[in-house]
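Lettering of chains follows the sequences in order, A, B, ..., and the numbering in each one begins at 1. No hydrogens, no waters, no symmetry mates; every other heavy atom, side chains included, goes into these values.
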Amino acid sequence: MILEAENILMSIEEEKASSFIKRLLGNPSLSTLPVLQREEQIVQFLRINARQLYPTLSSANFFPGKSWENIFRILIKTVIDESNRILFTELDRAIRERIDFAFVRFIEERRTDIESMKEELLAFLKRIMAKPEVRKNFSGPYTSFQKNLTVRYIDEIMERKKYIFFELFKVQKLKMGKEELQNYIKANLLLRPSVHLLTVTDKTEGIGIQSGVVHKQFTDKVFNILRNQLKNVPEALLKSALDSNLSFIEDKGTEATARLTSIFASRGKNYREVKKVERGADSPDKSWFNIARRNYKFYGFDINMLDELYKIAAENGW
Amino acid sequence: MSNTSNGESRVKVFFESLVIVAILLVLVQMFLEDFAVISGWNMDVRRKLSISGFFFDLFFTIEFLVRLYYASVNRKTMHYLIRERGWIDFFASVPLLMFNSGPTTIAILLKGSTLVNVSGILNILKVIKAIRIARVLRFLRIVKIFGKIKYVESKMAQRHIANITTISITVLVFSLLGISILQSSLGLPGVESRIYGEQLKIAKAIDKLATSDEGLNRALENADMFTDTLLVVKKDGKTIYSRYGNGYYAENFGPGDYSYFAKDGLELFFDSRIVSVASSLQNIIFFIIVLLTVVAFLVFYSPHFAITVTDPLHIIERGMSEKGYNLEVKIPSAYAADDVFRVAKLYNEVFLPMKDKFSTGEEKPLLDIEMKDIQDILPKG
């Protein structure tokens with residue numbers, strides 16, 4: 001009887017939390033943001049405004065008699081549940097429809113069962129999303145993936161046939177077309193945060209807290225674990241995705257695809273769609289690449305890649 | 001309390017809008033008044049235009065007095081007169097009402113019956129002609145509208161453009177006014193002095209002949225042969241010659257269109273419309289010069305000022321005050337050496353990369369959602 005009452009009470013609370021969180025998620029100012037950025041926004045909003053929110057949220061209409069810590073825990077759980085509901089649907093679509101894994105045959109000699117690989121990837125991504133470190137570091141690359149930030153640049157890279165092209169096709173010796181390369185980078189973006197499989201709240205040895213760069217030994221360690229867990233995923237893809245967390249300043253042997261992924265994953269962080277650039281300001285991409293050029297050592301970017309991407313953005317007014 | 005202030009601000013907005021409309025209308029009226037003289041429009045239309053000018057000047061004088069009153073009540077008289085350019089409000093209203101549209105309207109209202117009634121005012125009208133130049137100062141009033149024009153959103157840009165326009169037009173107006181005064185006081189040759197000189201010669205010739213009635217009558221019989229500007233001759237208050245009937249004068253002549261000579265009971269009226277036309281032509285040329293100057297400042301200088309000063313500063317301000325604003329200042333190569341763009345270069349190359357580096361370590365994302373967005377579910381107060 002008591003258990004039943006407790007269950008009823010919990011479900012009422014969940015309903016209230018869900019309606020409150022849905023209200024926040026539905027805010028027009030968040031509508032253009034990818035789901036993980038929305039989640040980050042709400043978590044931060046709750047943290048910052050705890051003092052003002054507590055009187056209302058502890059009133060009879062919401063969670064009477066509960067401490068802020070309890071309320072916060074309920075709300076965070078609800079936000080994550082709500083985000084996951086959306087995110088997992090999106091990931092499902094991303095893996096099954098939006099990425100054409102035909103590129104796999106150009107990077108793996110052995111015959112890969114694409115469908116099994118998709119299932120494996122999807123299950124893996126859903127699983128690692130339970131880790132806060134992964135969630136936090138997934139936002140940038142996921143935004144880049146969702147907003148197709150790489151596509152138009154890859155088109156230009158393929159047309160110009162300059163440094164990045166040379167690095168991809170002569171140094172890394174990729175043998176694939178434009179479409180395949182685009183899909184390859186997209187897959188890299190989704191797998192990049194898997195490096196956090198072994199991290200614990202940014203205190204793990206081997207990770208630069210600020211710049212997010214990782215040491216080679218660390219990625220190798222994760223790679224060895226992952227290659228056993230993701231048997232259907234080509235090793236080249238796994239390695240490239242993990243290596244996108246390395247600093248090119250420290251590891252000159254980092255694959256071109258990893259370096260490109262690193263830049264665009266970073267571009268996705270705090271990305272905001274700008275409908276109209278103000279008079280007197282440079283375009284968003286041009287500005288971003290120029291700032292990145294100045295901080296390339298800090299983030300471990302390949303300066304020559306940034307130079308080329310900057311030129312592309314400047315010439316196209318992006 | 002807030003209702004009252006809302007009401008007050010509504011009245012203020014209405015009043016300011018009314019002033020802007022009046023400024024635009026008075027510029028049209030000003031142009032038409034001179035254009036009507038040049039085109040020889042019917043006196044009735046010219047009269048109406050002159051009277052409407054009087055009402056505009058009256059309106060602007062009242063506006064100036066109201067603003068001055070409120071400024072003095074708030075102990076901001078000097079602020080209003082100097083910083084808010086109240087002196088323009090003054091020069092574009094009070095002197096014009098007192099020395100231009102006021103006397104002209106009185107002359108029009110007194111035009112009444114005979115030419116003699118008007119003659120006493122004619123000399124005053126010469127002064128008026130010089131004052132009329134100051135009417136273009138009204139253009140400075142449209143500086144008030146600058147804020148509503150693209151490229152001039154910033155207060156600083158508005159102030160700079162207003163200042164440069166004011167200086168240019170004021171120098172133009174007062175130079176021309178000074179030249180006019182100098183010209184008449186030094187007796188330098190001009191259309192007016194040439195016409196009046198010729199008329200004076202005729203008047204002296206007639207005066208010579210007027211020693212006997214017979215001689216005067218003979219001269220007047222042949223008046224059409226030696227002059228077409230002599231309109232009316234009076235001897236001892238009695239009209240002894242008139243080129244046209246009174247109706248024609250009423251329809252085609254206004255104050256300032258006559259010149260008047262008198263000696264020993266002999267009074268002569270001459271047609272001076274050519275002087276009025278020349279003066280109006282000069283006014284219109286000046287009107288167009290000032291109009292083009294104002295338009296040039298708006299069309300060419302405002303965007304230039306915005307692009308080279310206020311826009312980059314605005315971007316820098318946003319980048320420094322808003323966490324998520326990381327757009328660089330666009331630096332035009334032609335102006336890269338300007339002080340503003342040198343600062344912008346530092347902002348682009350030093351400040352933004354540093355800001356980016358420091359914000360990377362922060363856990364807090366840039367918040368797009370605020371408390372006010374959920375205000376409806378929070379208790380009031």
Rounded to the nearest 0.5 Å, how far does CG of Asn348(B) lie from CG of Asn290(A)? 7.0 Å

List the steps and the verdict of salt bridge (charged side-chain N to carboxylate O under 4.0 Å, His left out) for Glu349(B) and Arg294(A). CA-CA 7 Å; Glu349(B) 294 177 359; Arg294(A) 308 214 172 269; 3.4 Å; yes

Looking at Met156(B), I'd like to know if its CE atom is crowded, meaning that more than 12 non-hydrogen atoms belonging to other residues, nucleotides or ligands lie closer than 6.0 Å. yes

Hey, what do you get for OG (Ser283(A)) to CD (Glu328(B)), rounding to the nearest 0.5 Å? 9.0 Å

Among His314(B), Met354(B), Lys330(B), which residue forms the greatest number of heavy-atom pairs with chain A at distances under 4.5 Å? Lys330(B)

Chain B: which of Pro28(A), Ser59(A), Ser287(A) shares the most heavy-atom pairs with it under 4.5 Å? Ser287(A)

Is the number of heavy atoms from other residues, nucleotides or ligands within 6.0 Å of NZ (Lys16(A)) greater than 12? yes

Which one wins on heavy-atom pair count under 4.5 Å against chain A: Ile331(B), Leu313(B), Ile315(B), Ile316(B)? Ile315(B)

For Asp356(B) and Tyr299(A), run side-chain contact (heavy atoms from CB on, under 4.5 Å): C-alpha distance rounded to whole Å, both residues' side-chain angles, the deciding distance at 0.1 Å, then the answer. CA-CA 11 Å; Asp356(B) 174 66; Tyr299(A) 292 110; 2.8 Å; yes

Please check if atom CZ in Phe59(B) has more than 12 non-hydrogen atoms from other residues, nucleotides or ligands closer than 6.0 Å. yes

Relative to chain B, which segment of Ile42(A) carries a heavy atom at a distance below 4.5 Å: side chain, backbone, both, or neither? neither

How long is the gap from NZ on Lys286(A) to CG on Leu327(B), to the nearest 0.5 Å? 11.5 Å

May I ask you to test the Asp282(A)-Val329(B) pair for a side-chain heavy-atom distance under 4.5 Å? no

Validation row: Arg318(B), Glu278(A) side chains within 4.5 angstrom (heavy atoms): yes

Does Tyr70(B) OH have over 12 foreign heavy atoms under 6.0 Å away? no

